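See structure below.
Just so you know, these numbers come straight off a predicted model, no measurement behind them. Chain letters run A, B, ... following the sequence lines, proteins first, then strands; residues in each count from 1.
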2 protein chains.
Amino acid sequence: MVETTKKDIYTVLKQRVIDGYYNIKMRLPTEDALIEEFNISRYAIRKAIKKLANDGLVYSVKGKGVVVLEQTPKTKEINLSLEEIDGLHSLNSDQAIDRKTIIADFQQVIVDEKLHHKTSFAVGVPIYAIQRVRRINNKNAVLDINYFNAQIVPGITPEIAKDSIYDYIKKDLQMKIAVVKRQLRIEHADQIDHAHLNLGINNCVGNMISFAFNDDGKQFEYTESHFIPDNFIFNQIIKF
Amino acid sequence: MVETTKKDIYTVLKQRVIDGYYNIKMRLPTEDALIEEFNISRYAIRKAIKKLANDGLVYSVKGKGVVVLEQTPKTKEINLSLEEIDGLHSLNSDQAIDRKTIIADFQQVIVDEKLHHKTSFAVGVPIYAIQRVRRINNKNAVLDINYFNAQIVPGITPEIAKDSIYDYIKKDLQMKIAVVKRQLRIEHADQIDHAHLNLGINNCVGNMISFAFNDDGKQFEYTESHFIPDNFIFNQIIKF
DNA sequence: CGTTATTTGTCCGTATGTATA
DNA sequence: ATATACATACGGACAAATAAC
């Protein structure tokens, strides 16, 4: 029996899978065997295995066992996982990336009919409208167009926008971000994109649209992140 | 107490949320109240609520309750959810779409060093290499470039490819698809894209790369789906 | 402002179902 | 047909965050 705290079980199993420890049979030990080894409940073991499955490392088959998946190569592009927030603020730390944020526009406006249709904020609501260019590895790679409900997220300044609005929301306003609904499209680049981004010969951008909600269920943000081709990857693992 | 079978609880709650039944307080009843109403275990209630959360309709907050999120508008583009398989075969049925598949190329080849690097199939493995153009609403919208391991998925024919290879895998070969790992990039369109797709003035494509695994953990497919801008949306819901 | 009540989250043990070997 | 192994479901106990007083 191995001496391991509950939190470590996932880490231990993950390392073993990556090292090929279980690869000979392409199977994990049974739940009962792992319960024995780690001296812990079935619930805890299943939780660790579920996490491994979410990483795309293993797959559970009823009546068979937990299968180890063949490993696929790592990518060298900037890895977004469709789960990053606040533009490119919280990227994987193992990817060394030079970043710089340039404020291209900063306004306070009232939502009109046209903006309502785009952002789904109610007409008449005061909002911050901010445009920021994200410079990554000496390229203008992302144009963030943010709209924040000023009633829910008050007091944004250009200085805050230059740093991280999400840090301000979480740390200073003590607001909880609950859910972000995201859409990803590919669109023909418009004038603003060409003006701010290093598109090269490309005439399209990726457009990641985000609707963010706090834990009162209120939408406090609408954001479009326009990014240049070839530099970003979105990952997803689908289980059947 | 409402007479409801276990499976219906999610459906009933979903309908109530959509209808705004709980919107006055922006809260769902407590778990205990729902246990009372539906006369069912806490486990079952929590399962239904979890499903609602995955739909992006509600969000649970410890010590507070289950919050109903403000609703965002539906989109009119073809909705892919990053979770569709086999190109565009299994789309939402509420979106009426004309489809047609044209086989552009069909070959059996052996994996060489270059193909190994791209597909991550082992060198020497026999594979099917298939190119299909997906015509949607009278536009050449998607170019599917499929590579299937012929040892794991034998017997593919142009006739099968014209219909659905995934149907063949599941129904005829009785093989289980376990996991699909997917990457989405935006790339500059190449000659083949321009030749097969109705790109118009755009010179970029979306490239959805899929690695598919069966329940033995073996990778049986590598696919690139190149699609034209403006017609597709990928959705995701991120919970914190 | 501190204390108590409320409400969801986590964890455990157990029993039964279901697909696989 | 039998044994194996993961999936689902239930009830209960306690922890942790929030709300109410």
task = Between B:V66 and A:R42, just flag the one whose closest nucleotide in DNA chain C comes earlier from the 5' side.
result = B:V66

inquiry  = For a quick check of understanding: with a heavy-atom distance under 4.0 Å over all strands, which category does B:K50 fall into, base, sugar-phosphate or nothing?
reply    = nothing

key: Spacing of A:N39 atom CG relative to C:dC11 atom P, expressed in whole Å   = 16 Å

request  = Step by step, work out the side-chain hydrogen bond (donor to acceptor under 3.5 Å, both in side chains) result for A:K14 and A:Y10.
outcome  = CA-CA 6 Å; A:K14 182 173 184 175; A:Y10 159 73; 3.3 Å; yes

inquiry  = Determine whether a donor-acceptor pair (N or O, by modelled atom type, separation under 3.5 Å) exists between the side chain of A:D19 and the backbone of A:Y21.
reply    = no

inquiry  = Should the side chain of A:R27 and the base of D:dA5 be counted as holding a donor-acceptor pair, with the cut-off at 3.5 Å?
reply    = no

inquiry  = Between A:Y168 (side chain only) and A:G155 (backbone N and O only), is there a donor and an acceptor less than 3.5 Å apart?
reply    = yes

Whole angstrom value for the distance that separates C1' of D:dG12 from CD1 of B:I35 = 12 Å

inquiry  = Please determine whether a side-chain nitrogen or oxygen atom of A:R46 lies at a distance below 4.0 Å from atom OP1 or OP2 of D:dA7.
reply    = yes

task = Using a cut-off of strictly less than 4.0 Å, decide whether A:K64 has a side-chain nitrogen or oxygen near OP1 or OP2 of C:dA19.
result = no

task = To the nearest Å, give me how far apart NZ (A:K239) and C1' (D:dA7) are.
result = 15 Å

query = Is atom NZ of B:K162 surrounded by more than 12 heavy atoms (other residues, nucleotides or ligands) closer than 6.0 Å?
reply = no

remark   = Between A:K176 and B:K47, whichever has its closest DNA chain D nucleotide further toward 5' is B:K47

Which nucleotide in D:dA19, C:dT14, C:dT8 has an atom nearest any side-chain atom of B:T30 = C:dT8

request  = Starting at atom OH of A:Y43, determine the distance to atom P of D:dC6, rounded to an integer number of angstrom.
outcome  = 18 Å

request  = Take atom CZ of B:F240 and atom P of C:dG9, then tell me their distance rounded to the nearest Å.
outcome  = 17 Å

task = Identify, between B:E31 and B:D216, the residue whose nearest nucleotide on DNA chain C lies closer to the 5' end.
result = B:E31

Pairwise 5' ranking along DNA chain D for A:S60 and B:V61, keeping only the more 5' one = A:S60

